[in-house]
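Below, all heavy atoms of this structure are taken into account, side chains as well, without hydrogens, waters or symmetry copies.
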Amino acid sequence: IGAFMPGHAGFLGANLLLIALASFVFAGFAVVHTAVSAWSGKSASGRIWLALVYAFTLTLTWPAVFIAALGIADTSIGLRRRLSGYAPKS
């Protein structure tokens, strides 16, 4: 909410929002890495997909929003655990 306020409060709110979302972007990239390795292993096509995702994100920057959403979903429902096929013993 602070990101939409005028003046210094809006500036501070927007910067705090970017700082908070940065951790979710890194978690989202971890989900992308897990998904690519689950689907293609360590083949060259997996590296190409990762390079394309990184290049697309770095040049356009708006895909970082979707990658942050993956990071938020990962913390909520454990996407990396589901994609990797690891089932913890209960």
Side-chain angles (χ1 to χ4, degrees):
I1 294 174
F4 300 110
M5 294 178 71
H8 293 293
F11 178 75
L12 181 65
N15 284 317
L16 289 175
L17 178 67
L18 289 174
I19 291 168
L21 283 180
S23 62
F24 290 116
V25 170
F26 289 125
F29 276 124
V31 173
V32 170
H33 275 262
T34 303
V36 167
S37 75
W39 291 327
S40 65
K42 300 232 183 240
S43 67
S45 66
R47 291 187 196 116
I48 292 171
W49 279 111
L50 283 176
L52 286 174
V53 167
Y54 276 102
F56 193 57
T57 304
L58 289 174
T59 56
L60 298 178
T61 65
W62 62 264
V65 174
F66 297 110
I67 292 175
L70 278 175
I72 292 170
D74 180 43
T75 59
S76 301
I77 59 174
L79 285 176
R80 283 183 288 162
R81 181 176 38 86
R82 292 171 187 246
L83 288 171
S84 67
Y86 173 75
K89 297 177 184 177
S90 54

Original post:
Under 3.5 Å, is there a donor-acceptor pair between the side chain of Ser40 and the main chain of Ser37?
Top reply: no

**OP:** Please round to the nearest 0.5 Å and tell me the distance separating atom CG of Leu70 and atom CG of Leu79.
**Re:** 6.5 Å

Original post:
Excluding sequence neighbours, so at least two apart, what forms side chain to side chain donor-acceptor pair (under 3.5 Å) with Ser45?
Top reply: Ser43

Please list every donor-acceptor pair under 3.5 Å in which a side-chain atom of residues 9-18 meets a protein atom from a residue at least two apart or in another chain.
residue	atom	partner	partner atom	Å
Asn15	ND2	Phe11	O	3.0

Original post:
Would you say the side-chain atoms of Thr61 pair up with the backbone N or O of Leu58, donor to acceptor, closer than 3.5 Å?
Top reply: no

Compile the donor-acceptor pairs under 3.5 Å between side chains in residues 24-34 and protein atoms, sequence neighbours left out, one pair per line.
residue	atom	partner	partner atom	Å
His33	NE2	Tyr54	OH	2.9
Thr34	OG1	Ala30	O	2.9

Original post:
In the hydrophobic clustering that connects Ile, Leu, Val, Met, Phe, Trp and Tyr at side-chain heavy-atom distances below 4.5 Å, which members other than Phe56 occupy its cluster, ordered by chain and number?
Top reply: Leu60, Trp62, Phe66

Subject >> Heavy-atom pair of closest approach, residues Gly46 and Val36 >> reply: O-CG1, 3.3 Å

Original post:
Roughly how far, to the nearest 0.5 Å, is the CD1 atom of Ile19 from the CG atom of Leu21?
Top reply: 10.5 Å

Original post:
Which heavy atom in Ala35 sits nearest to a heavy atom in Leu83, and how many Å separate them?
Top reply: CB-CD1, 3.7 Å

**OP:** Could you list all the salt bridge (Lys or Arg N to Asp or Glu O under 4.0 Å) pairs where at least one residue sits in residues 66-79, not counting sequence neighbours?
**Re:** Asp74-Arg80

Subject >> Residue pairs, two or more places apart or on separate chains, that pass salt bridge (Lys or Arg N to Asp or Glu O under 4.0 Å) and touch residues 16-27 >> reply: none

